[in-house]
Amino acid sequence: MTNTQHQPLDVHVTPACDALESSRWMLERLSTAVWIFDIDAASVVWANASALDIWAADTLEELRARPMKPDMSPAVARRLKQYQTDFIERDATFTEMWTLYPRGVPRPLRVRFSGIRLSDGRMAMLCEGSDETGQQPEAIRSADALLHTQLMISLHDLEGCTLYCNPSARASFEGNDHLASRFVAKDDFRRLMEAIRATGEISLIAEVYTSKGVRWHELTARSCHDPASGRPSVLVSETDVSGLKEAEALAHMRANHDPLTGLPNRLAMPALFERLLRQSERTGARIGVLFIDLDQFKVINDTLGHLQGDAVLMDVARRLFELRGKDDAVIRLGGDEFLFLATEEKGDEGRIEALAVRMLQRLAVPVQAERRKLTVTPSVGIARFPEHGTDVQILMQRADLAMYEAKADGRNQYRIYDDGMRNRREDEVEMLADLREALRRGQIEAHYQPRVSPAKRRIVSAEALARWVHPERGMVSPAVFIPLAEKAGLINQIGACMLEQAIRQQSEWAAKGFDIAVSVNVSIRQLCEVDFAGMVRRLLSFYDCDPAMLELELTETLLLESNPTVHDNLEQVRALGIRIAIDDFGTGYSNLARLNEMAVDCIKIDRSLVSGLPRNEEIVRLVIAMCKFMQVTIVAEGIETQCAADWAHANGCHELQGYLYSRPLPAAGLEAMLLEEQAVPQRLPETVC
Ligand code: C2E
Ligand code: MG
Ligand code: MG
């Protein structure tokens, strides 16, 4: 005992302990260490002799003056604050193993903590400690670890009533004394108890109510015995994994969403379909898979740039999203392709089709791009569960087929899948195989359509047009097989074969004394081939053909092309002296500035403009004026009547082409025309001017 054992109790500091005044003598003599700790000030305010001994203090004054804060870890400080709240709110008491470090020496104690009010009304802590120095170090350490660990450890009886919580668990579940009421999903508690009964342990991640709100905890529960009563119980240890869960949710969300539009992406599609499928099992609803592809979106991207393209896609995504019913889903498959999954409940028949109609209407409203308004139309294909398939991949393929038909039928419309579409697609696949065979056998033949100069009143040129005489199908139109060849990557072969025939033919005609040029249609894909110009040069020299007698017909999309190989090829062929014509002018998006830069030699006004004469006289006149300004040869295509020929000539077209003069003919047929022309000059119909 120290010499302070008869120190009087400081009644001024602890007037609430007045009742103890008469028992002071007894308190002083207790072998149990008793002291009062001011939690707010982090200092001892009173201690009996045993406590002074434990604290290694000579006098109470010295202990009261001892600063405790600097040695206190933030975790301990937080815990003491929590105790203070528990004393105030529920008059709690705790018995715990604590290790004090008076003057740096560890003193393990079993301490009972309870609340006691100071004279100024603040809640302090009455501590009663019994020395545990004699305990096994292992026991002391484990008790201390349990006290200080972040891990939340709690013990419950088999009904879930809480028997014990370590400080960390207590801080998290304050006032909650039943395991079941911690879980957000009550099923988790049921699952946990079932597993305890069945196998004695379980690990799970669950949402729980805590003092910090709803959090994700990873729990491990084991069956054990309550050391106090010996009754079976459940020991639960848990950690907060909310941070991990959030990171996981974010990663999942990123993987399943399209960053541009924020819509779910292709990866998310099966789960979304599955959800609708479950609903359909309950209610018997049909599911519509609507495949949406924007028409000619590439042109927008190419003319206005990718930023504008992105803005359009975002706008389209928003409009589609707005059409969504509560169970529907909108997905961006990639590029300009979207998928709309919609339900059609019994009694709401026709909803899927009505949605497609509304899609066309909603997207028909122009989109505000940087400086202009754009209209982006969609082509929509529909397949329905269960009639068109039960597997989502099959349904998607069929919706895609239907969309393809909507495009083939002129775009900006919707089509519902039918088996005929599959047949047509199969037909196409078959035709493609035949086309490959025809190319191998040299069955793609050039026919020639004359281009007439009304001023010279003779045929000045001939356009080579591809012809395929199929053994069963008969004559297949290039309007059918050229787009097919473009898609299948066969166009370069067809193009090379046509160039070879036309150049050889021109050379033959020249050798026979006919003054006639040839023009050949060239797909943009051919110009993407690095060796295109080289191939043309070799053909010209092989057949000894004058480059000035060859013209390449290119479509307006060329003007949008930014591929440098295309431009290299164009420069090289022009350098050879070959002429460049823009075909079907007036049908696409014309970029007049580019047209001027490209230095083309000839413009062929599309027959859709020519056939509209004289109704659309004004516009054709405007086109002609522009061509004149560029000083190019002007060709009017699709001249079918004398009247159209007269108008075109009178308005400055240099060459006329159309059924009025001749349909495309085999080379021999055109040669016959040339011969006839030689024999009877000026046989061609004379124009009014
Ligand atoms: P195009 O280059 O504009 O060829 C003119 C088309 O208009 C030809 O159709 C021709 O037969 C048709 N036509 C000419 N005059 C008249 C007329 O007075 N009235 C009507 N209604 N039509 C007339 P065709 O031969 O069916 O060719 C269609 C398209 O296929 C061509 O349009 C061209 O874009 C493409 N094509 C044809 N051969 C080739 C080729 O060798 N290579 C490439 N890349 N495309 C080709
Ligand atoms: Mg042409
Ligand atoms: Mg044309």
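Indexing begins at 1, ligand by ligand and atom by atom, following the structure's order.
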Counting heavy atoms under 4.0 Å, the part of His447 that contacts ligand 1 is neither

Using a 4.0 Å heavy-atom cut-off, say whether Gln657 meets ligand 1 through its side chain, its backbone, both or neither. neither

Backbone, side chain, both or neither: what part of Asp583 comes under 4.0 angstrom of ligand 1, heavy atoms only? side chain

The answer for which part of Arg663 has a heavy atom under 4.0 Å from ligand 1 is neither

Asp583 OD2 to Glu463 OE2 via the Mg ion (ligand 2), rounded to 10°, gives 180°

Between Glu617 and Asn651, a side-chain donor and acceptor under 3.5 Å: no

Could you point out which residue of Arg579, Glu655, Lys604 forms a side chain to side chain donor-acceptor pair (under 3.5 Å) with Thr633? Arg579

Ring centers of Trp647, His649 separated by less than 6.0 Å: no

Less than 3.5 Å between some nitrogen or oxygen of Ile491 and one of ligand 1, yes or no? no

Do any of the N/O/S atoms of Ser519, backbone or side chain, fall under 2.8 Å from the Mg ion (ligand 2)? no

Could you identify the N, O or S atom of Glu553 positioned closest to the Mg ion (ligand 2)? OE1

Just wondering, do Phe532 and Gln572 contact through their side chains at under 4.5 Å, heavy atoms? no

How far is atom 8 (C) of ligand 1 from its nearest protein heavy atom, and which residue and atom name does that atom have? Leu465 CD1, 3.8 Å

Taking distance alone, with N or O pairs closer than 3.5 Å, would you say Glu486 contacts ligand 1? no

Nearest to atom 21 (N) of ligand 1, what protein heavy atom do you find, and at what distance? Glu640 OE2, 3.2 Å

Taking atom types as modelled, find out whether Tyr543 and Glu508 have a side-chain donor-acceptor pair closer than 3.5 angstrom. no

Go through the steps to decide whether Glu387 and Tyr417 satisfy the test side chain to side chain contact (heavy atoms under 4.5 Å, CB included), and finish with yes or no. CA-CA 10 Å; Glu387 61 201 281; Tyr417 171 80; over 6 Å; no

Looking only at protein heavy atoms, which one is nearest to atom 43 (C) of ligand 1, and what is the separation? Asn521 CB, 3.5 Å

Arg467 heavy atom under 4.0 Å from ligand 1: yes

Just checking, any donor-acceptor pair under 3.5 angstrom between side chains of Gln501 and Glu445? no

Answer yes or no for Gly495: is there a heavy-atom contact with ligand 1 below 4.0 Å? no

So, Arg332 versus Asn265: side-chain donor-acceptor pair below 3.5 Å or not? no

Using a 4.0 Å heavy-atom cut-off, say whether Pro664 meets ligand 1 through its side chain, its backbone, both or neither. side chain

Heavy-atom distance from atom 32 (O) of ligand 1 to the protein below 4.0 Å? no

Protein residue, atom and distance nearest to atom 12 (C) of ligand 1, heavy-atom basis: Arg607 NH1, 3.5 Å

Return yes when at least one N/O/S atom of Glu637 is nearer than 2.8 Å to the Mg ion (ligand 3), and no when none is. yes

When you check the gap from the basic side-chain N to the acidic O, do Arg607 and Glu640 get nearer than 4.0 Å? no

Residue, atom name and distance, where the atom is the protein heavy atom closest to atom 38 (N) of ligand 1: Ala466 N, 3.1 Å

Go through the side-chain N and O atoms of Tyr448 and Glu671 and say whether any donor and acceptor fall under 3.5 Å apart. no

Is at least one protein non-hydrogen atom found at under 4.0 angstrom from atom 6 (C) of ligand 1? yes

Could you verify whether a donor N or O on one side chain and an acceptor N or O on the other, from Asp295 and Ser379, lie under 3.5 Å apart? yes

One finds that the ligand 1 atoms under 4.0 Å from a non-hydrogen atom of Gln449 are 10 (C), 14 (C), 15 (N)

With the Mg ion (ligand 3) as the reference point, give the N/O/S atom of Asp584 that is nearest. OD1

Checking heavy atoms under 4.0 Å, the part of Ile639 that sits near ligand 1 is backbone

Going by atom types alone, do Asp258 and Thr261 pair a side-chain donor with an acceptor below 3.5 Å? yes

With no hydrogens and no angle check, do the side chains of Arg451 and Ser519 hold a donor and an acceptor under 3.5 Å apart? yes

